[in-house]
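Structure record follows, encoded as structure tokens.
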Amino acid sequence: LALPFLLAALLALAAPARAQLATVELNAGMYLIQAEVAADFASRARGLMHRKVLAPNAGMLFLFDEPGPQCMWMKNTLIPLSVAFLDESGAIINIADMTPHSEQAHCAARPARYALEMTRGWFAERGVKPGTKLGGLDKLR
């Protein structure tokens, strides 16, 4: 009798983890990005953990409450990623390449309001560099 109750409780707790995140279409110049939006503590903490693939031109946008010294890591993340830290206006501050399963912190060079994770090399392959301003962030306000 206790086992079914425990199983039901675990499934109820896991349900929010499977919830679909809202998406936003961003652009870096002529390049379109479909980004899931991680806008609360739970979705930011989970990030892209345990995913095996990321669709082409897909990523995750981390929306922080205020600009600050944001850092990202790759614990339980299977896909090699690059992260771009963005200021309040959407301009890229710096970009870091990250290694799967690493707990090494990659941090914004100055206070960041957003972080955008894409497949590793996505930014470099398209010539998207610090100073590039992303479009579409106004849809989040």
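Judged as a side-chain contact (heavy atoms from CB on, under 4.5 Å), and not counting sequence neighbours, the contacts of Ala39 are Val37, Leu63. Every residue two or more places apart in sequence or in another chain was checked for a side-chain hydrogen bond (donor to acceptor under 3.5 Å, both in side chains) with Asn94, and none qualifies. Every residue two or more places apart in sequence or in another chain that forms a side-chain contact (heavy atoms from CB on, under 4.5 Å) with Glu103 is listed here: Trp73, Lys75. Evaluation of the salt bridge (charged side-chain N to carboxylate O under 4.0 Å, His left out) rule for Arg110 yields Asp87 as partners, not counting sequence neighbours. Residues satisfying the side-chain contact (heavy atoms from CB on, under 4.5 Å) criterion with Pro80, sequence neighbours excluded, are Pro100, Arg120. With sequence neighbours excluded, the residues forming a side-chain hydrogen bond (donor to acceptor under 3.5 Å, both in side chains) with Ser82 are Asp97, listed by chain and number. Residues passing the side-chain contact (heavy atoms from CB on, under 4.5 Å) test with Pro67 are Glu88, Pro111, Arg113, sequence neighbours excluded.
Between the CZ atom in Phe64 and the CG atom in Leu86 there is a gap of 10.0 Å [rounded to 0.5 Å]. Separating the OG1 atom in Thr119 from the CG atom in Asn57 is a distance of 8.5 Å, to the nearest 0.5 Å. To the nearest 0.5 Å, the span separating CG on Asp65 from CZ on Phe41 amounts to 11.0 Å. To the nearest 0.5 Å, atom CE of residue Met74 and atom CD1 of residue Ile79 are 8.0 Å apart.
Scanning all heavy atoms of the two residues, the minimum distance from Ala38 to Ser43 falls at CA-OG, 3.3 Å. Taking both residues in full, the closest heavy atoms of Leu137 and Tyr114 are given as CD1-CE1, 3.9 Å, listed atom of the first, atom of the second, then distance.
Within the 4.5 Å cutoff, side-chain heavy atoms of Met60 are placed close to those of Leu21. Side chains of Phe85 and Ile92 form no contact here, defined as non-hydrogen atoms less than 4.5 Å apart. By the 4.5 Å heavy-atom criterion applied to side chains, Leu134 and Asn27 are not counted as neighbours. Side-chain contact between His101 and Leu78: present, with at least one pair of heavy atoms (C-beta onward) separated by less than 4.5 Å. Contact annotation: the side chain of Leu26 approaches that of Leu61 to within less than 4.5 Å [non-hydrogen atoms, C-beta and beyond]. Contact of the Leu48 side chain with the Leu81 side chain is registered, since non-hydrogen atoms from C-beta on lie closer than 4.5 Å. A heavy-atom distance below 4.5 Å is found between the side chains of Phe123 and Leu116.
Within the structure, disulfide (SG to SG under 2.5 Å) contacts touching residues 54-115 (residues at least two apart or in different chains) are Cys71-Cys107. For residues 21-42, the set of pairs meeting the salt bridge (Lys or Arg N to Asp or Glu O under 4.0 Å) definition, not counting sequence neighbours, comprises Glu36-Arg51.
For the pair Ser102 (side chain) and Gln104 (backbone), a donor-acceptor distance under 3.5 Å is present.
The hydrophobic clustering, which links ILVMFWY residues whose side-chain heavy atoms are closer than 4.5 Å, places Met49 and Met98 apart.
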